[in-house]
Each structure stands twice: as C-alpha cells, then as structure tokens.
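Remember, predicted model here, so these are calculated numbers, not experimental data.
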Amino acid sequence: MLMLSSPPVQFKPSFSSKNKPLTAFATLGEISINKKYFLQKDEREQNGNMENTKRRLLLVFLVSTGLFPTLPSTAKTKIKNPYDEKRLLEQNKRRQRDNNAPDDFPSFVREGFEVKVVASDSYVTRDNGLIYRDFEVGTGDVPKSGQQVTFHYIGYNESGRRIDSSYQQGSPAKIRMGTNALVPGFEEGLKDMKPGGKRRIIIPPELGPPVGPSTFFSSKQFEVFDVELLGVKDCTRRTIAFYSDVVCD
C-alpha cells in the first residue's frame with residue numbers, strides 16, 4: 001500500500017526571553033559591547049604590567065642603594081654550629097679514653113674532610129702544618145742528612161689507638177736521614193731532635209704517608225708519634241771489589 005508523504009515541516013531557530021527575543025546571531029549592539037569589554041580588559045592588563053614593572057624597578061633601586069636590607073643566604077654556605085663542634089670533640093675524647101691514649105693527647109674534631117686539631121699551649125705548630133711537643137730536649141748534635149738515627153716510637157691514630165710500636169717489636173728502629181725512607185712529616189720531626197730527646201709529633205695528611213688501595217692507609221688522617229731518639233751515627237760507603245755498602249759507626 002503506497003502512502004503519500006506530506007511536505008517536510010521547516011523549523012526556524014528562535015529564542016525568547018522575558019525582556020526581549022533572542023536570535024541565533026549577535027546584533028551590532030552586542031558586538032560593540034563585547035569589543036568594548038575586551039578593549040577595557042587589555043587596558044587593565046597593560047596597566048597591571050606597568051605597575052609590576054615599576055615595583056620591580058623600585059625594589060632593585062632599594063636593594064642596590066642599601067635602603068632595603070637583604071636577608072643572608074644560607075643555601076650554599078654551611079654555618080658551623082658550636083654545639084656540633086663541642087659534641088664531636090667530646091666523642092673524640094671519649095674514644096681516646098676507651099683506647100687508653102696517653103696524657104695530653106691532642107683531640108681531633110673531624111667533620112667530613114675538615115679536621116681541627118685541639119691541643120694545649122705546650123704544642124708548637126710550624127708553617128708546614130707539623131705540630132710537636134718536646135717532653136725532653138736531649139743533648140748533643142742534631143742528625144744530618146746521611147747519618148743514621150736510632151729511635152723508639154709509638155704510633156697512634158686520631159682516636160688514640162696504637163697502630164705501631166717499636167717497643168712491642170723488641171728493638172729500636174734504625175734509618176738513614178735524607179734517603180726518603182721515612183714519612184716526610186716523621187723525618188721533619190726527627191731532624192732537629194737531640195740524642196736522649198723525647199718528642200710527640202702530630203703529622204698532618206699533607207706530610208703523611210700516601211693513601212690508596214695498595215697502601216696501609218685508606219684515608220687521609222692525622223698521625224701521632226711519640227719518638228725517643230737514642231743515638232746518631234756517621235755513615236761511610238765501603239767498596240770491596242764489586243761489592244759496595246754503607247757502614248754506620
């Protein structure tokens with residue numbers, strides 16, 4: 001059964017409000033109002049930017065002339081706290097007491113790679129950083145390069161623990177001066193001692209032994225040595241045929 005279709009109904013968009021009818025297209029009056037709104041908005045933003053620029057310029061002027069105080073920067077500079085230094089000092093002294101360190105042993109305040117040596121006024125500090133104290137001066141002449149020195153010693157670390165001793169080995173050490181056979185700081189402390197003298201030598205890392213995986217020392221630390229110089233001998237080179245050696249008497 002065929003049905004005749006009726007012509008389609010066309011709808012025109014129309015809107016209505018209580019006050020005035022609304023259409024799908026903006027009128028010229030509405031366009032002018034919107035244009036005026038955006039122009040006023042741009043003008044307000046420009047005025048705001050100008051005010052911010054003026055404030056920044058005024059702040060720069062006040063800071064540069066010193067009228068406006070600036071706050072200290074602590075982001076990159078670490079301020080040392082006296083309480084922390086006192087705490088580290090007490091920790092070092094407590095470890096030294098546990099290790100039975102000798103009397104008047106220097107204390108070391110270590111914070112990272114920085115180390116502060118705390119010692120009594122009886123210690124002397126040289127320009128190269130070597131610190132020493134004489135308990136007995138001794139008599140006679142000081143050793144010269146090429147001479148043989150005989151001495152007893154006790155070595156300590158920063159905590160006051162013994163790391164080496166010739167007394168425990170049962171015999172004194174013998175070495176020729178000026179042959180690079182000793183740690184630089186040790187020879188520096190020996191070279192102006194007199195036979196019979198007793199001295200405590202504090203060797204800074206710069207004058208200490210080399211460090212690394214292939215050495216006995218794994219990190220740069222201060223070393224403390226109690227040294228007793230027993231004697232000094234002259235040495236001469238002796239040559240017999242193809243054999244040559246040094247004799248000290």
Pairing donors with acceptors under 3.5 angstrom, does anything connect the side chains of Ser244 and Arg237? yes
Does a side-chain heavy-atom distance below 4.5 Å link Glu223 with Tyr156? no
What pairs with Tyr153 under side-chain hydrogen bond (donor to acceptor under 3.5 Å, both in side chains), at least two apart in sequence or on another chain? Asp164
Any non-hydrogen side-chain atom of Lys194 less than 4.5 Å from a side-chain atom of Pro143? no
Going by the rule salt bridge (Lys or Arg N to Asp or Glu O under 4.0 Å), which residues pair with Glu187 if we only count those two or more places apart in sequence or in a different chain? none
CA sep, side-chain torsions, deciding dist, call: Asp226, Arg133, salt bridge (Lys or Arg N to Asp or Glu O under 4.0 Å): CA-CA 9 Å; Asp226 286 344; Arg133 176 190 173 184; over 6 Å; no
Distance col, row His152:NE2 vs Glu228:CD, nearest 0.5 angstrom, shows 6.5 Å
Can Ile202 be reached from Leu190 by stepping across I, L, V, M, F, W or Y side chains whose heavy atoms are under 4.5 Å apart? no
Shared hydrophobic cluster for Leu230 and Val227 (ILVMFWY, side-chain gaps under 4.5 Å): no
Report the C-alpha separation of Phe151 and Lys198 in whole Å, then their side-chain angles, then the decisive distance to 0.1 Å, and conclude whether the side-chain contact (heavy atoms from CB on, under 4.5 Å) test is met. CA-CA 10 Å; Phe151 58 93; Lys198 296 181 179 180; over 6 Å; no
Disulfide (SG to SG under 2.5 Å) contacts in which one or both residues fall within residues 220-249, not counting sequence neighbours: Cys235-Cys248
Is there a path of hydrophobic side-chain contacts, each under 4.5 Å between heavy atoms of I, L, V, M, F, W or Y residues, that connects Ile154 with Ile175? no
With heavy-atom distances below 4.5 Å as the criterion, would you say the side chains of Glu85 and Lys116 are in contact? yes
Look at atom CG of Asp245 and say whether more than 12 heavy atoms of other residues, nucleotides or ligands are closer to it than 6.0 Å. yes
Strictly by modelled atom types, are Asp104 and Ser120 linked by a side-chain donor-acceptor pair under 3.5 Å? yes
Are Gln91 and Leu88 side-chain neighbours, meaning at least one heavy-atom pair lies under 4.5 Å? yes
Any sub-3.5 Å donor-acceptor pair from Glu158's side-chain atoms to Val115's backbone N or O? no
Backbone N or O of Gly197 within a donor-acceptor pair of the Asp134 side chain at under 3.5 Å? no
Just jot down the salt bridge (Lys or Arg N to Asp or Glu O under 4.0 Å) partners of Lys144, sequence neighbours excluded, or say none. none
Apply side-chain contact (heavy atoms from CB on, under 4.5 Å) to Val149 and Lys174, showing your working. CA-CA 6 Å; Val149 291; Lys174 296 180 180 181; over 6 Å; no
CD1-CG distance between Ile131 and Leu207, expressed to the nearest 0.5 angstrom: 10.5 Å
Checking side-chain contact (heavy atoms from CB on, under 4.5 Å) for the pair Gln147/Arg176: CA distance, chi angles, key distance, verdict? CA-CA 5 Å; Gln147 289 182 324; Arg176 288 179 61 206; over 6 Å; no
Keeping Ser159 on the side-chain end and Arg161 on the backbone end, is there a donor-acceptor pair under 3.5 Å? no
Starting from the C-alpha separation in whole Å, work towards a yes-or-no answer on side-chain contact (heavy atoms from CB on, under 4.5 Å) for Val117 and Phe222. CA-CA 9 Å; Val117 182; Phe222 281 78; 3.7 Å; yes
What residues form a side-chain hydrogen bond (donor to acceptor under 3.5 Å, both in side chains) with Glu90, not counting sequence neighbours? none
Linking I/L/V/M/F/W/Y whenever any side-chain heavy atoms sit under 4.5 Å apart, do Val224 and Leu229 land together? no
Shortest non-hydrogen contact from Asn157 to Phe105? O-CZ, 3.8 Å
Ring pair (Phe, Tyr, Trp, His ring centres under 6.0 Å) partners of residues 225-249, not counting sequence neighbours, each pair once: Phe186-Phe225
Between Tyr132 and Tyr123, is the gap from one ring center to the other below 6.0 Å? no
Quick one: does Asn92's side chain get under 4.5 Å of Val109's, heavy atoms only? no
Do side-chain atoms of Arg199 reach the backbone of Met193 as a donor and acceptor pair under 3.5 angstrom? no
Quick check: does any side chain N or O of Asn128 sit under 3.5 Å from a backbone N or O of Leu130, one acting as donor and the other as acceptor? yes
